[in-house]
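Remember, it's 1-based here, ligands and their atoms both numbered in the order they're listed. All residue numbers in this chain count up from 1 along the given sequence.
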Amino acid sequence: MSKVAHYLQEHLLGEVLTSADVRRYFSTDTSVLTLAPAMVVYPRNEADVRKTARFAWQLAERGRIIPITARGAGTDQGGAALGAGIMMAFPAHMNRLLEFDDKTGTVIVEPGVNYGKVQQTLKTHGRFLPPFPASFEYSTIGGAVANNASGEKSFKYGSTRDYIKGLRVVLANGEVIETRRLTKKELSKKLGLTSFEGEMYRALDALLEEGADQIAAMDPDVTKNSAGYCLSQVRQKDGSFDLTPLFVGSQGTLGIVTEVMLATEPFNPNAALLMAQFDSVAQAQLAVLELRNLSDMPSAIEMVDDQLLGLVDKLNPNQLKDMVTKPFPKVLMFIEFDNPERAQKKILKKAQKTLERFTTSTQLVTDIAEQERYWSVRHSSAIVVAHGEGNVKAVPIIEDGVVPPEQFAAYLEGVYKIFSRNHLQAAVWGHAGDANLHMQPFLDLSQIGDRQTAFRVIDDYYNLVMSLGGSTSGEHGDGRLRAPYLPKLYGPEIYDIFQKVKRIFDPYNILNPGVKIDVTLDSVKRMLRSHYTIEHLSDNLPRS
Ligand SMILES: Cc1cc2nc3c(=O)[nH]c(=O)nc-3n(C[C@H](O)[C@H](O)[C@H](O)COP(=O)(O)OP(=O)(O)OC[C@H]3O[C@@H](n4cnc5c(N)ncnc54)[C@H](O)[C@@H]3O)c2cc1C
């Protein structure tokens, strides 16, 4: 055991492990990258997190940098849950639901709590957390906060950022802060503090003031976005100030979250599902644009394409039985309404009428068990993700771009072209309502040719998304894989502000370095795995 590990073990309540097995386990997340940590810390409480950060800060002051990477369930697909120094794994101990207020629906949790467990508890109280990711059964709330995760209900309800009321965060030097929206007066008090927190508020306030014009225009014109730092929501016109939106989506690069306060929504278990089949991508886009204009938003507009249906039919034909038949529609869409019953009937009629103009077939599914069978077709992307023949695996390298809804068809057609140019099998699924699509090409990463193809496809794909006015990540975050595209996505002025923000919060570059900021494709290429697996997830069939 190294001196650092030994010191930490003596001072923390939680465990510190350095064995080869443990380091190997934490050397992968669900991305195509690999990086082994020097040690793994399982913090028992916030004091453990503070002490670890304080120690790393003191070492950094003496010129020795030991990075800290916070980790939830390690389901990150961009390599953000990997680090070379201290891996701080939250699910082991800091995994409790601390408080639920039945009146306001507010819930307070520790970051390592399993998302599915929180959701289950909330549903027994008639509430739910709408921006749940497809990985909710095996991922954590801390990971969802750090990635600004979202999912199939985000079309109506928004992303994780919209649900975070406040956070407790351990800063790079071990200080703890609480975040929530501050009035102008409360901000003045913070600006007067002599602590690191005060320094941080002063520097950030000045930076945001100086870059106000660029920041006001920085956000891509998309309905959801997890790329970069969310600068635009920190200061508001009324002079209020909140660090919460900045920490959400920052992937552990600005601070370590130790407690999360979230808002929830009422849950209606009696939603209605409309299934719609389209024979062209263009018709599907027209339908989505019309559905977006309905007086009541659908709670989900999801899709799978004919290629995905073909793959599922080959691998597991029973999955599609009596629901979709050959020849498969170009796009199969799932449109859900979760309004209360009377409003639901009215809006369903309107939606059906709208859809009839564009579809080859629509079907209303009201029975809940039947709905689940249909939803399983949407979630059958899991079969593709989990499938592999030998070393050829579906790899998450280009899985999360989002474009303006008017560019949905151009996006899909562009993706098909990239796949066909590279002789790859294409299957696309995801959030049609948000034009946020997922796809994972089949590649053998042990083959030099496929490794080169991977980076060619990555480059073509992110350039396509940006050329359509989109963002490189709708929900999964930049991590390491997408971070090299941030300067191009936001331009040099905003990227310069991102770098300054990072330096304000983390002057010694201790917090998850190599993620989001100052990442080059060359550094990422060196981390590419030669055998891709998602064995961490094999307890479940990973929905995606
Ligand atoms: C099959 C599959 C489907 C997926 N579907 C979706 C989806 O629908 N939507 C979506 O958004 N994502 C999805 N993801 C990506 C990922 O699962 C989610 O973003 C998830 O919320 C990450 O949670 P986690 O607990 O695994 O976090 P991890 O992977 O462990 O970490 C993710 C990031 O959070 C940081 N982090 C973790 N805990 C803390 C903390 N306490 N403080 C500060 N930073 C912290 C890590 O450093 C890392 O940067 C999917 C992944 C897979 C494999």
Among all protein heavy atoms in this structure, tell me which lies nearest to [atom], with the distance rounded to 0.1 Å.
atom: atom 8 (O) of ligand 1; answer: Ala134 N, 2.8 Å
atom: atom 28 (P) of ligand 1; answer: Gly74 N, 3.5 Å
atom: atom 33 (C) of ligand 1; answer: Asn147 OD1, 3.5 Å
atom: atom 6 (C) of ligand 1; answer: His476 NE2, 3.5 Å
atom: atom 40 (C) of ligand 1; answer: Ala70 CB, 3.6 Å
atom: atom 36 (N) of ligand 1; answer: Ala146 CB, 3.6 Å
atom: atom 52 (C) of ligand 1; answer: Gln77 NE2, 3.5 Å

Side chain, backbone, both or neither: which part of [X] comes within less than 4.0 Å of ligand 1 when only heavy atoms are counted?
X: Phe90; value: side chain
X: Thr140; value: both
X: Leu537; value: side chain
X: Asn512; value: side chain
X: Ser150; value: backbone

Identified salt bridge (charged side-chain N to carboxylate O under 4.0 Å, His left out) counterpart of Lys153 within the set Glu336, Glu475, Glu302: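 Only one option passes, and that is Glu336.
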
Any N or O of [X] closer than 3.5 Å to N or O of ligand 1:
X: Thr75; result: yes
X: Ala80; result: yes
X: Tyr138; result: no
X: Asp76; result: yes
X: Gly72; result: yes
X: His438; result: no
X: Val257; result: yes

Numbering the atoms of ligand 1 from 1, which are under 4.0 Å from a heavy atom of [X]?
X: Gly255; answer: 43 (C)
X: Gln251; answer: 47 (O), 49 (O)
X: Ala81; answer: 28 (P), 29 (O), 30 (O), 31 (O)
X: Pro111; answer: 41 (N)
X: Thr30; answer: 53 (C)
X: Gly252; answer: 43 (C), 44 (N)

Relative to each other, are the rings of [X] and [Y] parallel, tilted or perpendicular (30° and 60° limits)?
X: Tyr411; Y: Tyr461; result: tilted
X: Tyr462; Y: Tyr485; result: tilted
X: Phe334; Y: Trp375; result: parallel

Lys/Arg N to Asp/Glu carboxylate O, Arg54 vs Glu175, below 4.0 Å: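 Salt bridge absent between Arg54 and Glu175.
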
Polar side-chain atom of Asp76 near backbone of Ala80 as donor-acceptor pair, under 3.5 Å: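 Indeed, once roles are kept as given, a pair shorter than 3.5 Å links the two residues.
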
Trace of the ring pair (Phe, Tyr, Trp, His ring centres under 6.0 Å) decision for Phe498 with Tyr229: CA-CA 7 Å; Phe498 285 169; Tyr229 290 133; 5.6 Å; yes

Arg127 vs Glu265, salt bridge (Lys or Arg N to Asp or Glu O under 4.0 Å): CA-CA, chis, key distance, verdict: CA-CA 5 Å; Arg127 301 196 72 88; Glu265 296 278 358; 5.4 Å; no

